[in-house]
Amino acid sequence: MIRSFDVKYYTDLLVKYQPKPIANEAENEAAIALASELEHRPGRSLEEELFLELLITLIEKFESENYPITAGDSASMLQHLMDARDLDKSDLIPLLGTEKAVEEIMLDRRAIERDEARKLAEFFRVDISLFLEARSQPV
């Protein structure tokens, strides 16, 4: 069965909830609660699907403006990749040469050198820029 779009029902949803750009945390929490309610509603209609999509867009806009995700430094990126593969510092010694080098990098006491970044990128199969972006010196 093909579902048809009911303009009146969608208009009723818009009138009832009056969506608008989210201006503060209280409005964001209310929008999240409504979105959660709609998301878990069994047999959600096409109109409710579209309204939910609108709410999510408004929530994402508010949160991206008020809670930006900053890029991590190379040490935190390295830690994340190690955690994802259940590795410990000793696993990096063959790549970085010494335990001291691994420690200094992990504690963000020194930058990852370009050759080290290349080895890490190959090992983790990621782009080298993940390890070089945090450097203040030109690459």
Side-chain angles (χ1 to χ4, degrees):
M1 179 174 112
I2 297 175
R3 293 168 38 179
S4 62
F5 185 75
D6 184 338
V7 175
K8 181 178 179 340
Y9 181 55
Y10 187 69
T11 301
D12 290 345
L13 285 172
L14 293 173
V15 169
K16 179 179 179 181
Y17 295 108
Q18 300 180 8
K20 63 178 185 54
I22 298 170
N24 57 51
E25 192 60 42
E27 290 178 3
N28 191 48
E29 290 300 320
I32 290 171
L34 179 56
S36 181
E37 176 190 324
L38 283 169
E39 189 172 45
H40 294 97
R41 183 177 292 170
R44 194 170 47 237
S45 70
L46 176 60
E47 298 78 19
E48 290 167 335
E49 287 279 348
L50 291 173
F51 184 70
L52 175 59
E53 186 177 332
L54 174 62
L55 277 176
I56 290 170
T57 300
L58 294 171
I59 292 165
E60 287 174 346
K61 181 180 184 302
F62 174 81
E63 291 185 352
S64 70
E65 291 172 354
N66 291 279
Y67 309 111
I69 298 172
T70 57
D73 58 25
S74 55
S76 64
M77 179 55 64
L78 184 56
Q79 185 64 57
H80 170 74
L81 290 168
M82 290 172 59
D83 291 345
R85 292 191 177 185
D86 199 27
L87 300 174
D88 60 35
K89 294 174 185 176
S90 65
D91 295 312
L92 298 182
I93 294 172
L95 300 170
L96 301 175
T98 66
E99 185 176 346
K100 182 180 179 187
V102 174
E103 278 293 320
E104 288 176 341
I105 290 169
M106 296 302 297
L107 295 172
D108 206 20
R109 291 187 180 148
R110 77 168 178 85
I112 298 173
E113 299 298 324
R114 185 163 187 77
D115 186 54
E116 295 168 332
R118 182 189 50 74
K119 289 176 186 176
L120 289 167
E122 288 173 4
F123 179 76
F124 287 106
R125 294 187 174 102
V126 296
D127 192 276
I128 191 172
S129 66
L130 292 177
F131 303 111
L132 297 175
E133 288 181 312
R135 293 175 60 169
S136 58
Q137 53 207 344
V139 179

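For clarity, every value in this text was computed on a predicted model and none was experimentally measured.
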Side chains of [X] and [Y]: does their closest heavy-atom pair fall under 4.5 Å?
{"X": "M106", "Y": "L78", "answer": "yes"}
{"X": "L81", "Y": "F123", "answer": "no"}
{"X": "L130", "Y": "L120", "answer": "no"}
{"X": "N28", "Y": "N66", "answer": "no"}
{"X": "E116", "Y": "I105", "answer": "yes"}
{"X": "M77", "Y": "I112", "answer": "no"}
{"X": "R114", "Y": "F131", "answer": "no"}

Next on the checklist: Minimum heavy-atom separation for R110 and A101, please, with both atom names.
Outcome noted: NH2-CB, 3.4 Å
Checklist entry - Do L34 and V15 share a hydrophobic cluster (ILVMFWY, side-chain heavy atoms under 4.5 Å, transitive)? => result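 In one cluster with L34: V15, no.
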Checklist entry - Any chain of hydrophobic side-chain contacts (each under 4.5 Å) joining V102 to L107? => result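 Per the 4.5 Å side-chain linkage, V102 and L107 are not co-clustered.
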Item to check | Short N-O contact, D12 and K8, less than 4.0 angstrom | outcome: yes
Measure the spacing between [atom1] of [X] and [atom2] of [Y] and express it to the nearest 0.5 Å.
{"X": "L96", "Y": "E103", "atom1": "CG", "atom2": "CD", "result": "11.5 Å"}
{"X": "K20", "Y": "L14", "atom1": "NZ", "atom2": "CG", "result": "14.5 Å"}
{"X": "K100", "Y": "R109", "atom1": "NZ", "atom2": "CZ", "result": "10.0 Å"}

Checklist entry - What pairs with D83 under side chain to side chain contact (heavy atoms under 4.5 Å, CB included), at least two apart in sequence or on another chain? => result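 Residues passing side chain to side chain contact (heavy atoms under 4.5 Å, CB included) with D83: Q79.
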Checklist entry - Taking only residues two or more places apart in sequence or in another chain, which ones pass side chain to side chain contact (heavy atoms under 4.5 Å, CB included) with E99? => result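 With sequence neighbours excluded, E99 shows a side chain to side chain contact (heavy atoms under 4.5 Å, CB included) to I93, given in chain and number order.
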Checklist entry - Heavy-atom count around R125 CZ within 6.0 Å, excluding the residue itself: above 12? => result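 Not buried by this count: 12 neighbours or fewer within 6.0 Å.
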Checklist entry - Is a donor on one side and an acceptor on the other found under 3.5 Å between the side chain of H80 and the backbone of S76? => result no
Contacts table for residues 48-59: side-chain donor-acceptor under 3.5 angstrom, sequence neighbours left out:
residue : atom : partner : partner atom : Å
E48     : OE1  : S45     : N            : 2.8
E48     : OE1  : S45     : OG           : 3.4
E48     : OE2  : Y9      : OH           : 2.7
E48     : OE2  : R41     : NH1          : 2.6
E49     : OE2  : R44     : NE           : 2.9
E49     : OE2  : R44     : NH2          : 3.0
T57     : OG1  : E53     : O            : 2.9

